[in-house]
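Shown next, in structure tokens, is the structure this report addresses.
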Amino acid sequence: MMRGRWRIFSLAARFSAVFLPILWSTGVDAQEELHAYRQVAYESGHGTTAIKRGPGGTYYALNRPDRCVWTFSSAGSRIGRLGSIGMGPADLLSPKDVAVDGEGNAVVADGSDMVKVFSPTGELLSSVPFRRPEHVATMANGNILVSGFPKEYLLYRFDNHAKILAALGTPVKVDNDPFFNAVLNMGNIIVDSEDNIYYIFTHMLTPTVRKYKSDGTLLAEWHLTDGEVLAQIVDGAKRRYQDNKKASNYGGVSVLTAAFFDEDSKTLWVASGAQVTELDSSGHTVQTARLVLPDGRPLQAEGLIVERDVIRASGYLAGIFEFPRPK
Amino acid sequence: MLIHYQVVIIFSLTRYGGGTSIGPFLAWLFMRILRSFVLQVPALIGLGLLAGWGLSHRGATEEISDGKYEFDSRLDPPLPAQARVDPGQHLVVMVGLTKFSPPAQYLGVLQRKYQSDGLKILVVFAPDAPRSHAALADSMGVPWVVDKDGSYRRVLRSALGHGHDALLIYDKNYKVKFQAFTNPDNDALRQLVEKYLLGRITYSPAELLASDLIGKRMEGLECLRERAKMTGVFVIFPPGCSSCELNGYRESLTKARVSGWGSSANRDPWTLVFVNGLDGNTAAIAKNLGFGGKSVCGVREDKLLDPYQTRKGATMVPLLVSVGDDEIVKDVQKLTTVSKGGAQ
């Protein structure tokens with residue numbers, strides 16, 4: 001009798017030793033998965049990087065191989081195209097990012113060392129010379145914010161006539177080599193309705209977001225730590241960084257790949273590959289989730305728009321997909 | 001020069017005895033100096049000019065620095081013979097290649113496609129380029145020239161010897177439309193040629209495929225069972241993850257089928273065609289979706305897609321091809337466009 005009980009106890013202990021850690025490891029850090037329910041704006045499929053919301057529910061999609069910005073209605077039907085390949089004044093050579101102002105004008109950071117402003121119908125309104133622009137944003141008064149390869153300042157503010165108004169933000173000193181330090185300080189720019197500026201360090205090995213007032217006063221600095229996908233990306237980025245240092249190769253891995261400020265919930269959404277993280281006004285993580293395509297692959301988000309019920313995310317290989325917004 | 005005058009003075013003093021009479025000596029010295037100026041200074045100036053010209057000439061041939069053209073600026077004459085625009089030509093694509101860069105096969109594709117529309121492609125090889133590169137250009141039917149005297153490098157504004165390639169596109173009025181110090185990818189080159197030769201760029205993969213397929217037969221299909229049916233509607237899943245794409249487009253397929261697209265050829269079940277990707281897994285998924293053996297086919301990429309179609313990534317969206325009873329392709333549309341209820 002005793003022997004039988006001991007045997008049962010022994011089996012239960014063995015079972016627990018083997019399976020409980022597995023169950024625990026799969027249950028504790030399991031990230032919510034958001035499954036895309038449809039692809040939208042097919043005309044800007046492969047090659048889509050940034051997507052931005054325009055007035056009246058329209059949205060703008062930057063397509064790198066097309067060298068243009070496609071505009072879409074809220075229903076996803078194509079409205080038009082801004083720019084095309086070339087080296088003329090209204091052409092785009094290697095577009096990097098797009099921002100949209102309140103009138104629907106598109107501000108495009110181009111690899112031709114220019115930031116070009118297009119009207120909604122595609123006319124070139126102005127050009128701002130800028131060395132290696134990477135990201136752009138617009139403020140409520142139409143001012144343009146541009147970031148690039150920062151050495152002295154993180155970003156610059158221009159008026160509508162391409163006149164420089166201010167230089168904002170001090171780069172973090174994380175590497176003695178000025179080039180490596182500049183790469184690590186590159187960043188995306190998001191502006192909320194109160195003209196607060198969020199500088200999302202895209203390549204920093206400690207995922208970081210800074211919040212500035214419109215005059216450049218630093219309000220807060222947040223560090224993202226939650227989520228499996230983010231941890232994996234940071235690990236990969238650190239390895240690549242060390243390899244690059246050895247080879248004196250100034251490339252880098254983008255850790256924080258897209259961002260969006262949701263005015264309804266007043267939260268900042270930051271994407272790192274397939275993971276989206278929602279941050280509250282204090283920089284605390286509200287939730288994280290993984291973006292999954294209909295065929296089960298992760299969507300490596302390079303563009304993000306968060307609306308009341310839907311998240312639109314774009315990836316270079318996949319195109320633009322809609323996901324349910326997590327509650 | 002200074003040493004020369006010292007020698008003259010010492011020689012003069014020796015010759016005239018040092019202190020007999022200084023007048024003739026000074027006169028003689030003045031004449032010698034004058035003569036040396038008259039004869040030597042022009043000679044030295046001439047030598048200097050010659051040396052300067054030589055250096056500048058050397059710089060022009062071997063030390064060409066890279067320089068950007070302004071958009072729409074005109075090329076400076078004289079141009080080397082092969083760079084000139086002949087009657088009937090509207091656009092010239094000049095590609096400068098170092099010894100490390102063989103000509104891209106795609107240049108031949110562009111040449112064949114648009115030669116009749118006035119496109120001229122010229123490959124300029126660096127003098128040290130291997131002969132095999134020229135043979136490759138010959139095999140593609142692309143004209144080429146070896147830049148022996150540097151005249152093409154001057155036009156390209158790029159020293160090929162510096163180790164990078166160059167691209168220059170100009171129109172029949174010799175106005176520069178595009179310039180790069182690199183070899184652009186095929187899709188960029190296609191867009192540039194379309195823009196400046198045809199005046200419009202094709203972005204849609206369906207339009208690209210349509211331009212090659214409409215009016216022709218679908219060939220090269222290999223189906224799971226029986227002989228391939230060559231009429232009706234074919235759903236082309238381009239290269240990539242065909243089987244996983246299929247699940248994602250289940251709803252679109254149903255909607256497109258209901259829409260009645262390709263109705264003249266719509267009596268039979270539709271046929272799924274997987275480019276480079278018909279495997280057991282794909283067939284199983286297709287079967288689950290109600291597509292039997294004869295309605296599931298594979299095709300080799302080069303049998304269906306014209307090499308002109310550069311946007312392979314973009315063609316991950318499935319395409320519908322409507323084939324009439326005469327087995328000729330009538331229409332091509334994106335599946336997603338049809339499933340949304342209309343053409344673009």
Side-chain angles (χ1 to χ4, degrees), chain A residues 35-49 61 63-70 72-73 75-95 111-114 122 124 127 292-299 315-322, chain B residues 68-73 167-169 175-180 184-196 199-207 238 240-252 285 310-318 334-337 339-342 344:
Chain A
H35 289 269
Y37 49 80
R38 64 171 181 161
Q39 186 178 4
V40 292
Y42 303 99
E43 288 84 354
S44 187
H46 170 85
T48 305
T49 52
N63 191 297
R64 279 205 186 149
D66 284 350
R67 275 93 169 169
C68 71
V69 175
W70 295 104
F72 296 95
S73 71
S77 42
R78 188 169 68 190
I79 299 172
R81 176 177 53 79
L82 315 176
S84 64
I85 189 171
M87 56 181 258
D91 295 333
L92 296 171
L93 196 62
S94 173
S112 58
D113 287 348
M114 297 290 260
L124 182 72
S127 294
V292 182
L293 291 169
D295 56 33
R297 287 176 297 161
L299 174 75
Y316 189 98
L317 295 175
I320 309 170
F321 281 81
E322 287 186 349
Chain B
K68 290 289 282 182
Y69 284 103
E70 289 292 316
F71 178 72
D72 258 352
S73 60
L167 170 73
L168 182 65
I169 298 179
K175 285 190 172 180
V176 174
K177 295 298 177 186
F178 193 80
Q179 179 196 22
D185 62 80
N186 292 347
D187 196 53
L189 200 53
R190 175 185 67 79
Q191 289 184 41
L192 286 163
V193 168
E194 287 185 351
K195 178 173 180 171
Y196 292 115
R200 62 175 177 81
I201 299 171
T202 305
Y203 294 102
S204 160
E207 286 172 25
C241 185
S242 300
S243 57
C244 50
E245 288 289 313
L246 183 55
N247 261 333
Y249 289 103
R250 180 195 299 254
E251 190 184 346
S252 301
I285 294 172
T310 53
R311 308 277 331 262
K312 285 181 183 149
T315 60
M316 287 187 79
V317 177
K334 274 194 269 188
L335 168 65
T336 45
T337 304
S339 66
K340 282 194 297 180
Q344 297 177 50

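Chain letters run A, B, ... following the sequence lines, proteins first, then strands; residues in each count from 1.
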According to ring pair (Phe, Tyr, Trp, His ring centres under 6.0 Å), who are the partners of A:Tyr316, at least two apart in sequence or on a separate chain? A:His46
Can you see which heavy atom on A:Pro89 is nearest to which on B:Phe71, and at what distance? CD-CD2, 3.9 Å
Tell me, side chain or backbone of B:Asp185 under 4.5 Å from chain A's heavy atoms, or both, or neither? side chain
So OH of B:Tyr203 and CG of A:Asn63: to nearest 0.5 Å the spacing works out to 9.0 Å
Closest-packed option against chain A by number of heavy-atom pairs under 4.5 Å, given B:Val176, B:Leu192, B:Asp72: B:Leu192
Examine whether an atom of B:Glu70 lies under 4.5 Å from a heavy atom of chain A, and if so say whether it belongs to the side chain, the backbone or both; otherwise answer neither. backbone
B:Gln191 side chain vs A:Pro65 backbone, donor-acceptor pair below 3.5 Å: yes
Report the residues that fulfil ring pair (Phe, Tyr, Trp, His ring centres under 6.0 Å) with A:Phe321, sequence neighbours left out, ordered by chain and then residue number. none
Please flag which part of A:Arg81 lies under 4.5 Å from any non-hydrogen atom of chain B: side chain, backbone, both or neither. side chain
Closest approach of A:Ser84 to B:Lys195 (non-hydrogen atoms, all atoms of both residues): OG-NZ, 2.8 Å
Non-hydrogen atoms of chain B under 4.5 Å away: do they reach the side chain of A:Leu93, the backbone, both or neither? side chain
